[in-house]
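Have a look at the structure below, then the notes.
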Amino acid sequence: QVQLVESGGGLVQPGGSLRLSCAASGIMIRLYDMAWYRQPAGKQRELVAVIGSGGITNYGDSVKGRFTISRDNAKNAAYLQMNSLKPEDTAVYLCNAAFQGYYYNYWGQGTQVTVSS
């Protein structure tokens with residue numbers, strides 16, 4: 001059974017930092033594109049960052065320069081380092097793994113990030 005488990009969310013003040021982790025089981029993520037999405041309450045899900053199986057990264061415009069996605073294939077995990085956090089970053093953050101043009105596509109349950117004074 002495939003499982004992606006996010007951790008590291010919580011409450012942080014504006015300007016602070018958090019590091020999210022995504023631990024995978026049931027797949028070997030070295031073959032997968034790994035991504036982080038987020039969904040603010042009452043809003044649509046949006047792409048935050050993606051790192052391809054070859055290591056190429058892309059970021060949503062709102063997080064460029066502040067967030068960094070990474071992967072450690074030996075640990076079968078992906079990460080999202082979030083710096084200079086803003087209230088508008090508040091959302092449930094979800095880990096995604098995709099293979100072969102998203103024919104194989106898996107999601108974690110999400111972790112809540114709240115940015116507030």
Side-chain angles (χ1 to χ4, degrees):
Q1 186 176 12
V2 175
Q3 190 173 19
L4 303 177
V5 179
E6 301 96 335
S7 61
L11 176 65
V12 64
Q13 293 185 346
S17 298
L18 286 173
R19 188 173 192 250
L20 306 183
S21 298
C22 174
S25 60
I27 57 170
M28 297 300 295
I29 71 160
R30 65 178 178 87
L31 298 176
Y32 285 75
D33 300 331
M34 302 298 295
W36 289 93
Y37 290 76
R38 68 187 182 189
Q39 187 165 16
K43 297 184 178 180
Q44 296 278 72
R45 185 185 66 191
E46 64 176 336
L47 177 67
V48 176
V50 59
I51 182 165
S53 60
I56 302 299
T57 59
N58 286 286
Y59 296 90
D61 289 341
S62 64
V63 308
K64 287 179 180 177
R66 300 188 298 121
F67 290 11
T68 303
I69 189 170
S70 61
R71 64 192 297 150
D72 188 335
N73 291 337
K75 295 181 179 178
N76 221 36
Y79 308 93
L80 184 69
Q81 178 66 47
M82 305 185 293
N83 299 326
S84 302
L85 283 161
K86 304 174 181 180
E88 51 262 47
D89 295 319
T90 296
V92 173
Y93 283 72
L94 302 109
C95 181
N96 173 263
F99 180 53
Q100 293 192 342
Y102 302 96
Y103 186 82
Y104 299 94
N105 191 26
Y106 304 104
W107 293 90
Q109 292 182 326
T111 186
Q112 177 70 45
V113 172
T114 302
V115 184
S116 181
S117 298

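Heavy-atom basis, side chains included; hydrogens, waters and symmetry copies ignored.
- Of the possible donor and acceptor atoms, none in the side chain of Asn83 sits under 3.5 Å from a partner among the backbone N and O of Gly16.
- Of all heavy-atom pairs spanning Ala98 and Asn105, the tightest one is CB-OD1, 4.0 Å.
- Distance CG/Leu4 to CG/Leu94: 10.0 Å, rounded to 0.5 Å.
- Residue Asp72 comes nearest to Ile29 through the heavy atom pair O-CD1, 4.4 Å, listed as atom of the first residue, atom of the second, then distance.
- Separating the CG atom in Leu80 from the OG1 atom in Thr111 is a distance of 11.0 Å, to the nearest 0.5 Å.
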**Message:** side-chain contact (heavy atoms from CB on, under 4.5 Å), that's the test. Do Cys22 and Trp36 meet it? Break it down for me.
**Reply:** CA-CA 9 Å; Cys22 174; Trp36 289 93; 3.7 Å; yes
**Request:** List the steps, then state whether side-chain contact (heavy atoms from CB on, under 4.5 Å) holds for Met82 with Val113.
**Result:** CA-CA 10 Å; Met82 305 185 293; Val113 172; 3.8 Å; yes
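- No donor-acceptor pair under 3.5 Å is formed between the side chain of Arg30 and the backbone N or O of Asn73.
- Once rounded to the nearest 0.5 Å, the distance linking CD1 of Ile27 with CG of Asn76 reads 6.5 Å.
- Within a 6.0 Å radius of CD in Gln13, no more than 12 heavy atoms belonging to other residues, nucleotides or ligands are found.
- Not a single donor-acceptor pair under 3.5 Å links the side chain of Arg71 to the backbone N or O of Asp33.
- Between Trp107 and the choices Tyr37, Tyr102, Tyr93, the ring pair (Phe, Tyr, Trp, His ring centres under 6.0 Å) rule is met once, by Tyr37.
- Smallest separation of non-hydrogen atoms from Ser84 and Ser17: N-OG, 4.3 Å.
- A side chain to side chain contact (heavy atoms under 4.5 Å, CB included) with Tyr59 holds for exactly one of Thr68, Ile51, Val50; it is Thr68.
- What you find for Pro40 and Ala91 is that their closest heavy atoms are N-CB, 3.5 Å.
- Panel note: side chain Glu46, backbone Arg38; no donor-acceptor pair is recorded below 3.5 Å.
- Hydrophobic cluster membership differs between Val115 and Leu11, with clusters built from Ile, Leu, Val, Met, Phe, Trp and Tyr side chains linked at under 4.5 angstrom.
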**Item:** Residues Leu85, Phe67; criterion side-chain contact (heavy atoms from CB on, under 4.5 Å); working and verdict
**Value:** CA-CA 9 Å; Leu85 283 161; Phe67 290 11; 3.8 Å; yes
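- From Leu20, atom CG reaches atom CD of Glu6 across 8.5 Å, with rounding to the nearest 0.5 Å.
- Two different hydrophobic clusters hold Ile69 and Leu47 under the rule that ILVMFWY side chains link at heavy-atom gaps under 4.5 Å.
- In terms of heavy atoms, Thr114 sits closest to Gln112 at OG1-NE2, 3.3 Å.
- In the hydrophobic clustering of this structure, Val92 does not group with Tyr106; members are Ile, Leu, Val, Met, Phe, Trp, Tyr whose side-chain heavy atoms approach within less than 4.5 Å, directly or through other members.
- Rounding to the nearest 0.5 angstrom, the gap separating the CZ atom in Arg66 from the CD atom in Gln81 is 12.0 Å.
- Panel note: side chain Gln109, backbone Val5; no donor-acceptor pair is recorded below 3.5 Å.
- No chain of hydrophobic side-chain contacts below 4.5 Å, direct or via other Ile, Leu, Val, Met, Phe, Trp or Tyr residues, connects Tyr79 to Met34.
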